[in-house]
2 protein chains.
Amino acid sequence: MHTSGTADAALPAVVDHAAEIRAAGLKVTAPRVAVLQGLAASPHATADQLYDSISSTLTGTSLQAVYGVLAAFTTAGLVRRIEPAGSAALFERRVGDNHHHIVCTRCHSVRDVECVTGEAPCLTPSDTAGFVVQTAEVTFWGLCPDCQADTAADIP
Amino acid sequence: MHTSGTADAALPAVVDHAAEIRAAGLKVTAPRVAVLQGLAASPHATADQLYDSISSTLTGTSLQAVYGVLAAFTTAGLVRRIEPAGSAALFERRVGDNHHHIVCTRCHSVRDVECVTGEAPCLTPSDTAGFVVQTAEVTFWGLCPDCQADTAADIP
DNA sequence: CAGTTGTTTTGAACAACTCAAAACAAGACA
DNA sequence: TGTCTTGTTTTGAGTTGTTCAAAACAACTG
């Protein structure tokens, strides 16, 4: 760790996070950098999970601070908030692209799904009932590989 | 009310609801019939809204009873539970068909959307990451006609 | 380095929902 | 028709996820 070429190159990720926060017009603080690090480690995390991963290294941080950070990031467009039925809100770094999600019906794990067939057909419902459609959100539900193996073991 | 041709034909809707409950293998009770009536009147209702519409005519009913009724109906396949981000759970009578929803980003009103282009493309994500896909849930977000008029008035 | 403004801490409150035990009623059966 | 069993509702409390508000605090500006 301490034998790297240049001091700045040693921690590129951290530097990036601070820069991203600054670029969004927000002040750079320790909880904010930590939340971005946590999201880099687990790309679909709840506020609680992020607080857990943060509180070990950044003592004195509160869960409410994490909620505040995530609210600021969401309105600033740094993170996206998704809310699959039956789970707490999840936060992810990927914003701006129209990607979707697949959720495991058994363990609630979440993975990203690119919407290649996607944009055009999915954004064109047959009858919008007079609504002006802004976005379309697709959530797939199924069994993740781990739970497939587990349920296969259950049924002899 | 008391001058109808036959006694049974006087209350067709109520009879239907009781029959539907019975057909689902559940006991017919006043709160259950009332919940189905409430859902007939407002096809996308929260437990709270249903309780409100019920408690005026059926005194002594508790909100917890409504939650219990809805849980029983959901597992029995009589109603479907949807959970748009930012709202409490909504319940609807339409089950079994693969229809979707459009939600107003301003007032949170919900309308059904048929998925005509739908089934095939929407159920075929490009890369399922090893998941076995069971269902696809599409939620459109936009402005309802009322809110279009309201926001148009706001911007001179 | 001081001032301003935005952030975090602390503590409380809230909404939606679930749980558990006792009272009760619907439908089956004698 | 009355009794029994089982499922349902009532009552009351508890949990989880999230938001609010005031005071303490720290990041960037000049």
Side-chain angles (χ1 to χ4, degrees), chain A residues 14-15 17-36 38 44-55 57-76 78-91 108 110, chain B residues 14-15 17-36 38 44-52 54-55 57-76 78-79 81-91 108 110:
Chain A
V14 173
V15 172
H17 289 155
E20 282 171 319
I21 295 166
R22 210 179 315 259
L26 297 169
K27 287 185 181 174
V28 176
T29 67
R32 289 182 170 176
V33 173
V35 164
L36 284 194
H44 302 100
T46 63
D48 218 55
Q49 289 166 348
L50 289 169
Y51 171 66
D52 281 350
S53 76
I54 283 169
S55 55
T57 56
L58 200 66
T59 56
T61 310
S62 63
L63 174 59
Q64 284 80 347
V66 175
Y67 273 108
V69 167
L70 290 169
F73 281 0
T74 304
T75 56
L78 270 183
V79 308
R80 176 177 164 199
R81 177 189 178 129
I82 62 172
E83 233 170 296
S87 328
L90 300 174
F91 297 86
H108 285 115
V110 176
Chain B
V14 173
V15 172
H17 289 154
E20 284 171 318
I21 294 166
R22 211 178 317 257
L26 297 169
K27 288 186 181 173
V28 176
T29 67
R32 288 180 171 177
V33 174
V35 164
L36 284 193
H44 302 99
T46 63
D48 217 55
Q49 289 166 348
L50 289 168
Y51 170 67
D52 281 350
I54 284 169
S55 55
T57 57
L58 199 67
T59 55
T61 310
S62 63
L63 175 59
Q64 284 81 343
V66 175
Y67 275 110
V69 168
L70 290 169
F73 281 1
T74 304
T75 55
L78 271 183
V79 307
R81 177 189 177 128
I82 61 171
E83 232 170 299
S87 326
L90 299 174
F91 297 86
H108 285 116
V110 175

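Sequence lines set the chain letters: A, B, ... in the order given, protein chains first and strands last, and positions in each chain run from 1.
Computed from coordinates, the B/Leu58 CG to C/dA25 C1' distance equals 14 Å when rounded to whole Å. Summarising the geometry, the separation between CD1 on A/Ile21 and C1' on C/dT7 is reported as 12 Å, rounded to the nearest angstrom. Distance A/Arg32 CZ to C/dG6 P: 11 Å, rounded to the nearest Å. Straight-line distance from the OH atom of B/Tyr51 to the C1' atom of C/dT18: 17 Å, rounded to whole Å.
Here the OG1 atom belonging to A/Thr46 is positioned 9.5 Å from the CG atom belonging to A/Leu70, to the nearest 0.5 angstrom.
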DNA chain C in dot-bracket, Watson-Crick or G-U pairs under 3.5 Å, [ ] crossing, | other strand? ||||||||||||||||||||||||||||||
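Results of the side-chain contact (heavy atoms from CB on, under 4.5 Å) test with A/Val79 over A/Val35, A/Val69, A/Thr74 single out A/Thr74 as the only residue that passes.
Counting heavy atoms from C-beta outward, A/Pro84 and A/Leu90 have side chains that approach closer than 4.5 Å. Here the side chains of B/Leu58 and B/Pro31 are in contact, with some heavy-atom distance below 4.5 Å. In this structure the side chain of B/Lys27 reaches within 4.5 angstrom of the side chain of B/Arg32, judged on heavy atoms.
When the salt bridge (charged side-chain N to carboxylate O under 4.0 Å, His left out) test is applied to A/Arg22, no partner is found at least two apart in sequence or on another chain.
Nearest heavy atoms, A/Thr61 versus A/Tyr51: O-CE1, 3.1 Å.
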Summarise how protein sits on nucleotides 14-30 of chain D as a single string, 5' to 3': B when a protein heavy atom is under 4.0 Å from the base, S for sugar-phosphate-only contact, - for no contact. ---SBBB------BS--
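Between the side chain of B/Glu83 and the backbone N or O of A/Gly86 there is at least one donor-acceptor pair closer than 3.5 Å.
Between B/Ser62 and D/dT10, a side-chain N or O to OP1/OP2 separation shorter than 4.0 Å is present.
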